[in-house]
Amino acid sequence: MSVSNTNDFEANKVEKSYDKMSELTAFDETKAGVKGLVDAGITKLPQIFILPPKHRAVTCETNFIFPVIDLEGINEDAIKHKEIVDKVRDASETWGFFQVVNHGIPTSILDKTLQGTRQFFEQDNEVKKQYYTRKIGKKVVYVSNFDLYSSCVPAASWRDSLFFSMAPDPPNPEEFPPACGEILMDLSKDVTKLGVSLLELLSEGLGLDRCHLIDMDCAKGLSVLGNYYPACPQPELTMGTIQHSDGGYITVLLQDQIGGLQVLHQNQWVNVPPVPGSLVVNIGDFLQLMSNDKYISVEHRVIANENASRMSVACFFGISPWESHKLFQPIAELISEDNPPKYRATTAKEYRNYALSKGLDGTSALSPYKI
């Protein structure tokens, strides 16, 4: 199905004849993503993107101040180091999110990363569609909505994505798109160093040895996901990304200055303000499970925007393919008579299969493992 004119999708109305699966398939087969719809000049949102009212964004003004942690001097001064550990622990226990500045990654690397990934999404579709696939296990994947066909998802999200499996077994250099391959390899090296530092801080925050989470291989698996959110003609009817929590251990997010990321804190949606040169860090489901709820993996979402396109690049420290049958459970050193395990043991494969089957439906992927 072509998206060369605005009637292809605008013809979809909320009526008995609406065939969701047919429309999803037609959209998917264009391999043009959401960007293709915008380029075709649509003025009304296609039905497959329209969320039920209860899932739509409601403007919420709060007085919460999103935590920002300065990492400068992290390894130079013992007192400063302890202060940083305390701040990381507090934010991870109460927010599940925090922003870091003076993190050691050059601004030039961050800027080039956003520029390169944006260039990929905004190039001619005939060039980028060669990377479009839904095949599981591919190391480089361009797609719109990984969970497009999931029956649990209320509607498709208004975004296109570019995924890379970077560690422990990265793609060959020729597998990367020319627009962003080199800079993403550079970013991955720097983010891995930062991830190790963050996991050390998080280990200390749990009262464990500094290298405990590193020794559990929490820094070995890395994937990078570029998300492109085109300007939306009816943003009030959809979401850039529906509310969800992340899998894995931690996520390090680079976002541009458009804004739109929101975090659920004390039952209120709080904006994460873009700060030039900063990175957003959040706890993943597996670290919540392993910490026995000491750290929390919090739901977050991205609001659609009608005025400008938004670009973000998320770096996920998660489960490597070779760990698929490894058992994960609350860390033994954190368990006591007063703090019994809150989760049963599970494998990465079991968790991943459940998470993929349910998609981003606004529910926690940890629910089946609660004791």
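Note that the structure is predicted; figures quoted are calculated from it, not measured.
Taking hydrophobic clusters as Ile, Leu, Val, Met, Phe, Trp and Tyr residues chained together by side-chain heavy-atom distances below 4.5 Å, V68 does not share a cluster with V280. Hydrophobic clustering of Ile, Leu, Val, Met, Phe, Trp and Tyr side chains at less than 4.5 Å, counting indirect connections, keeps V153 apart from L24. Both V196 and F316 belong to a single network of hydrophobic side chains, linked directly or stepwise wherever heavy atoms of I, L, V, M, F, W or Y lie under 4.5 Å apart. Cluster annotation: W158 and Y149 are assigned to the same hydrophobic cluster (Ile/Leu/Val/Met/Phe/Trp/Tyr, side-chain heavy-atom contacts under 4.5 Å, transitive). Residues M216 and Y343 fall within the same hydrophobic cluster, defined by Ile, Leu, Val, Met, Phe, Trp and Tyr side chains chained together at heavy-atom separations under 4.5 Å.
With hydrogens and angles disregarded, no donor-acceptor distance shorter than 3.5 Å links the side chain of H300 to the backbone of L264. Using modelled atom types, one side-chain atom of D77 and one backbone atom of K80 make a donor-acceptor pair closer than 3.5 Å. A donor-acceptor contact shorter than 3.5 Å is absent between the side chain of N172 and the backbone of E174. No donor-acceptor pair closer than 3.5 Å links the side chain of N271 to the backbone N or O of G259. Looking only at distances, no side-chain donor or acceptor of R310 sits under 3.5 Å from a matching main-chain atom of D256. Put simply, the side chain of N145 gets close to the backbone of S157: a donor and an acceptor are under 3.5 Å apart. At distances below 3.5 Å, not a single donor-acceptor pair connects side-chain atoms of R210 with backbone N or O atoms of S203. Looking only at distances, no side-chain donor or acceptor of S92 sits under 3.5 Å from a matching main-chain atom of Y295. Judged by distance alone, the side chain of Q234 and the main-chain N or O of L45 form a donor-acceptor pair under 3.5 Å. In this structure, H55 contributes its side chain and Q243 its backbone to no donor-acceptor pair below 3.5 Å.
Contact between S144 and G33 at its shortest, heavy atoms only, is CB-CA, 3.9 Å. A pairwise comparison of heavy atoms in F146 and S161 identifies CE1-CB, 3.8 Å as the closest pair. C315 and V191 make their closest contact through CB-CG1, 3.7 Å (heavy atoms, listed as atom of the first residue, atom of the second, distance). What you find for P341 and I335 is that their closest heavy atoms are CD-CG2, 3.6 Å. Scanning all heavy atoms of the two residues, the minimum distance from F64 to V270 falls at CD1-CG2, 3.7 Å. Of all heavy-atom pairs spanning N305 and P235, the tightest one is N-CB, 4.1 Å.
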Give the C-alpha distance, both sets of side-chain angles, the deciding distance and a yes or no for side chain to side chain contact (heavy atoms under 4.5 Å, CB included) between I331 and N292.
-> CA-CA 7 Å; I331 296 171; N292 209 37; over 6 Å; no
Can you check side chain to side chain contact (heavy atoms under 4.5 Å, CB included) on C232 and T238, steps first, answer last?
-> CA-CA 9 Å; C232 181; T238 191; 3.7 Å; yes
Where do R301 and I242 land on the side chain to side chain contact (heavy atoms under 4.5 Å, CB included) test, with the steps shown first?
-> CA-CA 5 Å; R301 66 186 187 183; I242 196 170; over 6 Å; no
Could you go through the side chain to side chain contact (heavy atoms under 4.5 Å, CB included) check for V281 and L194 one step at a time?
-> CA-CA 11 Å; V281 180; L194 175 60; 5.8 Å; no
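Atom CD1 in I109 sits 5.5 Å away from atom CG in D190 (nearest 0.5 Å). To the nearest 0.5 Å, the span separating OH on Y132 from CG on D160 amounts to 7.5 Å. With values rounded to the nearest 0.5 angstrom, I50 atom CD1 is found 9.5 Å from E236 atom CD. Rounded to the nearest 0.5 Å, atoms CG (L287) and CG (L206) are 7.0 Å apart. Between the OG atom of S297 and the CD1 atom of I250 there is a distance of 12.0 Å, given to the nearest 0.5 Å. Once rounded to the nearest 0.5 Å, the distance linking OG of S197 with CD1 of I84 reads 10.0 Å.
Residue I79 qualifies as open at atom CD1: its count of foreign heavy atoms under 6.0 Å is 12 or below. At most 12 heavy atoms of other shown residues, nucleotides or ligands fall within 6.0 angstrom of atom NZ in K193. Surrounding NZ of K370 are more than 12 heavy atoms belonging to other residues, nucleotides or ligands, all under 6.0 Å away. Counting non-hydrogen atoms of neighbouring residues, nucleotides and ligands closer than 6.0 angstrom, the NZ atom of K139 exceeds 12 such neighbours. By the neighbour-count criterion of 12 heavy atoms within 6.0 Å, atom CD of Q257 is densely surrounded, having more than that number from other residues, nucleotides or ligands.
D86 has a carboxylate O that lies under 4.0 Å from a charged side-chain N of R89, or vice versa, which qualifies the two as a salt bridge. Between D28 and R134 there is a salt bridge, with a side-chain nitrogen of the basic residue lying less than 4.0 Å from a carboxylate oxygen of the acidic one. By the 4.0 Å N-to-carboxylate-O rule, D217 lies close enough to K220 to be salt-bridged with it.
Annotation: side chain of F49 is in contact with side chain of L37 (closest heavy-atom distance under 4.5 Å). Looking at V263 and N282, their side chains never come closer than 4.5 Å, going by heavy atoms from C-beta outward. Residues T94 and I296 fail the side-chain proximity criterion, which asks for heavy atoms closer than 4.5 Å. Contact check for Y229 versus I258: no side-chain heavy atoms found under the 4.5 Å cut-off. At least one side-chain heavy atom of L261 sits less than 4.5 Å from a side-chain heavy atom of L253. Here the side chains of M311 and N227 are not in contact, with every heavy-atom distance at 4.5 Å or above. M185 places a side-chain heavy atom less than 4.5 Å from the side chain of M166. Side-chain contact check for T117 versus L184: some heavy-atom pair is nearer than 4.5 Å.
With Y228 as the partner, the side chain to side chain donor-acceptor pair (under 3.5 Å) test is satisfied by one option alone out of K35, R159, E122: E122. Of the candidates V298, D246, L202, L202 is the only one forming a side-chain contact (heavy atoms from CB on, under 4.5 Å) with I283. For the pairing with F120, the ring-ring contact (aromatic ring centres under 6.0 Å, His included) check across F164, F176, Y142, F163 returns one residue only, Y142. Checked options Q130, E126, K128, K129; the residue passing with K31 is K129 (criterion: side-chain contact (heavy atoms from CB on, under 4.5 Å)).
Classification of the H265-W95 ring pair by plane angle, with boundaries at 30° and 60°, yields parallel.
Scored by the ring-ring contact (aromatic ring centres under 6.0 Å, His included) test, H212 finds no partners at all (sequence neighbours excluded).
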